[in-house]
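Inspection log for the structure reproduced underneath, given as C-alpha coordinates.
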Amino acid sequence: MARRGILRSKEDNLIKDLRRTTLSFKKLGERYGVSRQAVHDFSKRQGIKRPVKPRGHQTEGCRLCQKLIQISKKPHSEFISIHTIIEKTGVEPRRKYLYHLRTLRDKGLVDEQFGRLLSKRAEKAYAIYFKKRLPIGMIGRKVGLKNFPSVVRRHRQLGWNVPTSLYVYDGKKRSRIQSEIQRRKQR
Ligand SMILES: [Zn+2]
(Lines give C-alpha, C1' and ligand atoms only; values in the text may rest on other atoms or scores of the structure.)
Protein backbone atom coordinates (compact mmCIF):
# COMPACT_ATOMS: atom_id res chain seq x y z
CA MET A 1 0.00 0.00 0.00
CA ALA A 2 2.79 2.41 0.96
CA ARG A 3 4.50 1.59 -2.30
CA ARG A 4 1.36 2.35 -4.16
CA GLY A 5 1.16 5.71 -2.41
CA ILE A 6 4.61 6.61 -3.65
CA LEU A 7 3.66 5.66 -7.18
CA ARG A 8 0.50 7.70 -6.92
CA SER A 9 2.40 10.83 -5.93
CA LYS A 10 4.88 10.17 -8.70
CA GLU A 11 2.00 9.88 -11.12
CA ASP A 12 0.53 13.14 -9.89
CA ASN A 13 3.83 14.89 -10.49
CA LEU A 14 4.12 13.37 -13.92
CA ILE A 15 0.63 14.56 -14.78
CA LYS A 16 1.61 18.06 -13.65
CA ASP A 17 4.76 17.98 -15.75
CA LEU A 18 2.86 16.72 -18.76
CA ARG A 19 0.27 19.45 -18.42
CA ARG A 20 2.55 22.35 -17.54
CA THR A 21 5.89 21.77 -19.25
CA THR A 22 6.95 21.22 -22.82
CA LEU A 23 9.55 18.62 -21.80
CA SER A 24 9.67 15.70 -24.22
CA PHE A 25 8.38 12.21 -23.33
CA LYS A 26 12.00 11.10 -23.44
CA LYS A 27 13.11 13.74 -20.92
CA LEU A 28 10.17 12.99 -18.64
CA GLY A 29 10.93 9.29 -18.90
CA GLU A 30 14.46 10.01 -17.71
CA ARG A 31 13.14 12.13 -14.87
CA TYR A 32 10.69 9.45 -13.68
CA GLY A 33 12.81 6.43 -14.47
CA VAL A 34 10.51 4.93 -17.10
CA SER A 35 10.69 4.58 -20.86
CA ARG A 36 9.66 7.21 -23.36
CA GLN A 37 6.95 4.87 -24.58
CA ALA A 38 5.58 4.39 -21.04
CA VAL A 39 5.24 8.16 -20.60
CA HIS A 40 3.59 8.45 -24.01
CA ASP A 41 1.07 5.68 -23.20
CA PHE A 42 0.38 7.11 -19.76
CA SER A 43 -0.25 10.57 -21.21
CA LYS A 44 -2.64 9.10 -23.74
CA ARG A 45 -4.49 7.02 -21.12
CA GLN A 46 -4.94 10.11 -18.96
CA GLY A 47 -6.19 12.09 -21.94
CA ILE A 48 -3.67 14.88 -21.29
CA LYS A 49 -3.47 17.75 -23.73
CA ARG A 50 0.13 18.90 -23.79
CA PRO A 51 1.04 22.60 -24.12
CA VAL A 52 2.44 23.58 -27.49
CA LYS A 53 6.13 24.33 -27.44
CA PRO A 54 6.68 27.95 -28.50
CA ARG A 55 8.82 28.20 -31.60
CA GLY A 56 12.07 30.10 -31.93
CA HIS A 57 14.24 31.84 -29.36
CA GLN A 58 12.44 32.80 -26.15
CA THR A 59 13.53 36.40 -25.60
CA GLU A 60 11.56 36.86 -22.36
CA GLY A 61 13.67 34.34 -20.54
CA CYS A 62 16.97 35.34 -22.14
CA ARG A 63 19.12 37.63 -20.03
CA LEU A 64 21.13 38.83 -23.01
CA CYS A 65 18.00 39.75 -24.95
CA GLN A 66 16.54 41.58 -21.96
CA LYS A 67 19.77 43.54 -21.52
CA LEU A 68 19.81 44.40 -25.23
CA ILE A 69 16.22 45.66 -25.04
CA GLN A 70 17.16 47.79 -22.03
CA ILE A 71 20.07 49.40 -23.92
CA SER A 72 17.92 49.92 -27.01
CA LYS A 73 15.50 52.05 -24.99
CA LYS A 74 18.11 54.76 -24.48
CA PRO A 75 17.78 57.82 -26.73
CA HIS A 76 19.56 57.49 -30.09
CA SER A 77 20.38 53.88 -29.23
CA GLU A 78 20.89 52.98 -32.89
CA PHE A 79 24.01 55.16 -32.77
CA ILE A 80 25.62 53.05 -30.05
CA SER A 81 28.27 50.87 -31.66
CA ILE A 82 28.25 47.10 -31.32
CA HIS A 83 31.53 47.34 -29.36
CA THR A 84 29.92 49.47 -26.69
CA ILE A 85 26.86 47.22 -26.61
CA ILE A 86 29.10 44.20 -25.99
CA GLU A 87 30.98 46.09 -23.28
CA LYS A 88 27.73 46.95 -21.55
CA THR A 89 26.32 43.46 -21.66
CA GLY A 90 29.48 41.55 -20.75
CA VAL A 91 32.23 39.76 -22.60
CA GLU A 92 30.87 37.38 -25.18
CA PRO A 93 31.87 36.46 -28.72
CA ARG A 94 30.36 38.85 -31.25
CA ARG A 95 28.76 36.20 -33.43
CA LYS A 96 26.59 35.22 -30.45
CA TYR A 97 25.08 38.71 -30.42
CA LEU A 98 24.04 38.54 -34.03
CA TYR A 99 21.61 35.72 -33.31
CA HIS A 100 19.91 37.50 -30.40
CA LEU A 101 19.87 40.85 -32.20
CA ARG A 102 18.33 39.28 -35.29
CA THR A 103 15.62 37.63 -33.20
CA LEU A 104 14.84 40.90 -31.42
CA ARG A 105 14.69 42.81 -34.71
CA ASP A 106 12.45 40.18 -36.28
CA LYS A 107 10.08 40.42 -33.33
CA GLY A 108 10.13 44.22 -33.48
CA LEU A 109 11.50 44.43 -29.93
CA VAL A 110 14.45 46.59 -30.98
CA ASP A 111 14.91 49.03 -33.88
CA GLU A 112 15.95 47.62 -37.23
CA GLN A 113 19.17 49.68 -36.97
CA PHE A 114 20.03 48.81 -33.38
CA GLY A 115 23.39 47.04 -33.11
CA ARG A 116 24.38 47.72 -36.71
CA LEU A 117 26.81 50.58 -36.11
CA LEU A 118 30.29 49.08 -36.26
CA SER A 119 32.52 52.12 -35.86
CA LYS A 120 33.31 53.36 -32.39
CA ARG A 121 34.54 56.61 -33.91
CA ALA A 122 31.18 57.14 -35.61
CA GLU A 123 29.52 56.54 -32.25
CA LYS A 124 31.71 59.23 -30.67
CA ALA A 125 31.04 61.60 -33.54
CA TYR A 126 27.28 61.11 -33.28
CA ALA A 127 27.36 61.65 -29.52
CA ILE A 128 28.90 65.10 -30.16
CA TYR A 129 26.56 65.71 -33.10
CA PHE A 130 23.48 65.25 -30.89
CA LYS A 131 24.75 67.55 -28.16
CA LYS A 132 26.86 70.30 -29.65
CA ARG A 133 26.29 72.98 -32.19
CA LEU A 134 29.23 72.21 -34.42
CA PRO A 135 29.71 71.70 -38.16
CA ILE A 136 29.65 68.02 -39.11
CA GLY A 137 33.09 68.16 -40.70
CA MET A 138 34.59 69.63 -37.56
CA ILE A 139 33.07 66.86 -35.41
CA GLY A 140 34.56 64.28 -37.76
CA ARG A 141 38.02 65.80 -37.45
CA LYS A 142 37.71 65.92 -33.66
CA VAL A 143 37.23 62.15 -33.41
CA GLY A 144 39.50 61.21 -36.30
CA LEU A 145 36.71 60.34 -38.68
CA LYS A 146 37.27 62.60 -41.66
CA ASN A 147 34.46 61.11 -43.71
CA PHE A 148 31.84 61.70 -41.00
CA PRO A 149 29.74 63.96 -43.30
CA SER A 150 29.46 61.13 -45.82
CA VAL A 151 28.72 58.62 -43.01
CA VAL A 152 25.80 60.82 -41.96
CA ARG A 153 24.64 61.13 -45.57
CA ARG A 154 24.79 57.37 -46.08
CA HIS A 155 22.88 56.64 -42.87
CA ARG A 156 20.17 59.07 -43.95
CA GLN A 157 19.92 57.36 -47.31
CA LEU A 158 19.57 54.02 -45.54
CA GLY A 159 16.67 55.41 -43.54
CA TRP A 160 18.40 55.94 -40.19
CA ASN A 161 16.72 58.50 -38.02
CA VAL A 162 19.50 61.12 -38.02
CA PRO A 163 18.14 64.39 -36.62
CA THR A 164 19.06 67.67 -38.27
CA SER A 165 22.34 69.19 -37.20
CA LEU A 166 22.20 71.67 -34.34
CA TYR A 167 24.63 73.72 -36.34
CA VAL A 168 22.86 76.07 -38.72
CA TYR A 169 24.55 76.41 -42.06
CA ASP A 170 23.32 79.79 -43.04
CA GLY A 171 24.87 81.74 -45.87
CA LYS A 172 26.15 84.56 -43.70
CA LYS A 173 28.05 82.33 -41.31
CA ARG A 174 29.46 80.29 -44.15
CA SER A 175 30.79 83.33 -45.93
CA ARG A 176 32.22 84.57 -42.66
CA ILE A 177 34.02 81.25 -42.19
CA GLN A 178 35.23 81.30 -45.75
CA SER A 179 36.58 84.81 -45.51
CA GLU A 180 38.28 83.77 -42.28
CA ILE A 181 39.93 80.88 -44.10
CA GLN A 182 40.96 83.22 -46.90
CA ARG A 183 42.46 85.62 -44.43
CA ARG A 184 44.47 82.84 -42.79
CA LYS A 185 45.72 81.63 -46.16
CA GLN A 186 46.92 85.09 -47.05
CA ARG A 187 49.02 85.37 -43.93
ZN1 LIG B 1 18.39 36.01 -26.40
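As the structure lists them, so they are numbered: ligands from 1, and atoms in each ligand from 1.
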Subject >> Audit row: M138, Y167, side-chain contact (heavy atoms from CB on, under 4.5 Å) steps and yes/no >> reply: CA-CA 11 Å; M138 192 189 282; Y167 182 76; over 6 Å; no
Using atom types as modelled, flag every donor-acceptor pair under 3.5 Å from a side chain in residues 142-154 to any protein atom, sequence neighbours excluded.
| from | atom 1 | to | atom 2 | distance (Å) |
| --- | --- | --- | --- | --- |
| S150 | OG | N147 | O | 2.9 |

Enumerate, atom names and distances included, each donor-acceptor pair closer than 3.5 Å involving a side-chain atom of residues 70-84, sequence neighbours excluded.
| from | atom 1 | to | atom 2 | distance (Å) |
| --- | --- | --- | --- | --- |
| S72 | OG | I69 | O | 2.8 |
| S77 | OG | S72 | O | 2.8 |
| S81 | OG | T84 | N | 3.4 |
| S81 | OG | T84 | OG1 | 3.3 |
| S81 | OG | E123 | OE1 | 2.6 |
| H83 | NE2 | L118 | O | 2.7 |
| T84 | OG1 | E123 | OE1 | 2.6 |
| T84 | OG1 | E123 | OE2 | 3.1 |

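- Under the side-chain contact (heavy atoms from CB on, under 4.5 Å) test applied with T103, the options L68, T59, L109, L98 reduce to a single match, T59.
- For the Zn ion (ligand 1), the neighbouring protein N/O/S atoms at less than 2.8 Å, given as residue and atom, are H57 NE2, C62 SG, C65 SG, H100 ND1.
- Note: F130 and Y126 have parallel aromatic rings, judged against thresholds of 30 and 60 degrees for the angle between ring planes.
- Under a 4.5 Å side-chain heavy-atom criterion applied to ILVMFWY residues, the cluster that includes F25 comprises L14, I15, L18, L23, L28, Y32, V34, V39, F42, I48 as well.
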